[in-house]
Amino acid sequence: MAIVSDPGKNTGDCAQAEDCVHIRKKRGFYQTCGKRMTDVLLALIALAVLWLPMLLIALLILIIDGRPVLYRQTRLGQGGKPITICKFRSMCPDADKRIGQLDPDMQRQYEREFKIDRDPRVTRLGALLRRSCLDELPQLWNILKGELSFVGPRPILPEELRCYAPQEQAMFLSVRPGLTGYWQACARPEDTYTAGRRQKMELWYAQNVSFFFDLKILLRTVCTVIRKMLG
């Protein structure tokens, strides 16, 4: 099964993925060792370069929005193991408790997609951090610990697993979730759980892990972040 030539052209990729969901590829050096080695090396470099900006971001959150500085949440890691991911807090402190107070349309969107467009719980500083993806920087520690990879399926909440068919869940959980990923970097507005396209993109990645695919996703992520910041 060939690796997709352009991660951005996901319409064709998803069509391919639909026909290949249950096919497993033989794992090579990159999948077994190289990817983890690359993750550790890049995470160490990133932390050495970004520790000061991370400290400044933490101070800004503390001064402007108060405590806590970090937001912690339990997600599913490789093999379904629960992991605790950390982000710089971008929402109000009691954001999880406010879900029931949201507009009914927003509640329905969250129940279907586990995310909300134009979420009113996001703070002004948090919106800036999200747009620049700086809120994700604490997850470099998760990468060093071996819980995340730089590229992989989005780490999901335990209840999100129901969006995948029973025979797809093992494939989805067979790889480490990522700081960024195929769906995160390349998805279009219609690539949702409801449409079934998000699942296909995540499963397609899980079956087609390679160095060059990861590199394309990382480059697409950088371009996406720059476009959001300039937009």
Side-chain angles (χ1 to χ4, degrees), residues 3-14 17 30-31 34-51 53-54 57 71 73 75 77-78 83 85-88 90 113-115 117 119 122 126-156 160 172 175-193 197-231:
I3 298 169
V4 291
S5 58
D6 182 358
K9 298 178 180 178
N10 54 49
T11 303
D13 298 344
C14 287
Y30 181 72
Q31 292 91 336
K35 185 174 173 66
R36 178 60 185 150
M37 292 168 60
T38 303
D39 283 339
V40 172
L41 179 61
L42 291 179
L44 289 172
I45 294 172
L47 285 169
V49 173
L50 297 172
W51 71 270
M54 290 174 67
I57 291 170
Y71 174 74
Q73 191 174 52
R75 304 288 181 96
Q78 188 175 24
I83 60 174
I85 63 167
C86 294
K87 297 183 179 184
F88 284 122
S90 59
E113 303 297 333
F114 296 93
K115 67 184 189 72
D117 298 329
D119 196 326
V122 177
L128 176 60
L129 294 176
R130 286 188 169 200
R131 191 162 56 247
S132 60
C133 291
L134 293 174
D135 63 317
E136 310 276 358
L137 290 180
Q139 292 179 63
L140 292 169
W141 294 110
N142 292 105
I143 293 175
L144 276 182
K145 290 166 62 180
E147 296 172 337
L148 295 181
S149 177
F150 268 96
V151 181
R154 184 174 178 83
I156 63 171
E160 284 183 74
F172 175 80
V175 295
R176 286 188 183 91
L179 190 65
T180 186
Y182 183 30
W183 175 78
Q184 292 162 272
C186 306
R188 299 173 183 176
E190 63 268 24
D191 295 328
T192 62
Y193 274 142
R197 295 177 62 85
R198 173 173 173 176
Q199 297 92 315
K200 292 172 186 175
M201 293 182 74
E202 299 285 39
L203 292 168
W204 176 251
Y205 174 83
Q207 298 170 92
N208 290 275
V209 177
S210 76
F211 173 78
F212 289 106
F213 195 8
D214 281 2
L215 181 60
K216 288 179 180 179
I217 292 171
L218 285 171
L219 292 175
R220 178 61 66 91
T221 299
V222 172
C223 292
T224 300
V225 172
I226 292 174
R227 186 169 63 248
K228 285 182 178 179
M229 292 179 67
L230 294 178

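Nothing fancy with the numbering, it's 1 onward along the sequence.
Counting only distance, with no hydrogens or angles, the side chain of Lys35 and the backbone of Val151 share a donor-acceptor pair below 3.5 Å. Panel note: side chain Glu136, backbone Leu179; no donor-acceptor pair is recorded below 3.5 Å. Arg176 contributes a side-chain N or O that, together with a main-chain N or O of Gly146, makes up a donor-acceptor pair within less than 3.5 Å. Trp183 places a side-chain N or O within 3.5 Å of a backbone atom of Asp191 that can act as its donor or acceptor partner. Gln139 places no side-chain N or O within 3.5 Å of a backbone atom of Ile85 that could act as its donor or acceptor partner.
A distance of 4.5 Å separates CG of Leu134 from CD1 of Ile57, quoted to the nearest 0.5 Å. Between the SG atom of Cys186 and the NZ atom of Lys216 there is a distance of 10.5 Å, given to the nearest 0.5 Å. Interatomic distance, CZ of Phe211 versus OG1 of Thr38, reported as 6.5 Å (0.5 Å rounding). The CG atom of Leu42 sits 11.5 Å away from the CE atom of Met37 when rounded to the nearest 0.5 Å. Rounding to the nearest 0.5 Å places NZ of Lys200 at 7.0 Å from CZ of Arg197. Taken from OG in Ser210 to CD in Gln31, the straight-line distance is 7.0 Å, to the nearest 0.5 Å.
Listed here is the closest heavy atom pair of Asn142 and Glu147: ND2-OE1, 2.7 Å. Across Ala185 and Thr221, no two heavy atoms sit closer than the pair CB-OG1, 3.4 Å. Counting all heavy atoms, side chain and backbone alike, Asp135 lies closest to Ser90 at OD2-OG, 4.5 Å. The two atoms that bring Arg130 and Val122 nearest to each other are NH1-CG2, 3.6 Å, heavy atoms only.
Looking at heavy atoms from C-beta onward, Tyr182 lies out of side-chain contact with Asn208 at the 4.5 angstrom threshold. Residues Phe150 and Thr180 have side chains not in contact (no heavy-atom distance under 4.5 Å, counting atoms from C-beta outward). Looking at heavy atoms from C-beta onward, Val175 lies in side-chain contact with Pro153 at the 4.5 angstrom threshold. Counting only heavy atoms from C-beta outward, the side chains of Arg220 and Thr224 approach each other to under 4.5 Å. Residues Phe88 and Pro138 meet the side-chain proximity criterion, which asks for heavy atoms closer than 4.5 Å. Counting only heavy atoms from C-beta outward, the side chains of Lys115 and Arg154 never approach each other to under 4.5 Å. Contact annotation: the side chain of Trp204 approaches that of Phe213 to within less than 4.5 Å [non-hydrogen atoms, C-beta and beyond]. Looking at heavy atoms from C-beta onward, Leu47 lies in side-chain contact with Trp141 at the 4.5 angstrom threshold.
Classification of the Phe114-Tyr193 ring pair by plane angle, with boundaries at 30° and 60°, yields perpendicular.
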| request: Could you walk me through whether Leu128 and Arg131 pass side chain to side chain contact (heavy atoms under 4.5 Å, CB included), step by step? | output: CA-CA 5 Å; Leu128 176 60; Arg131 191 162 56 247; 3.7 Å; yes

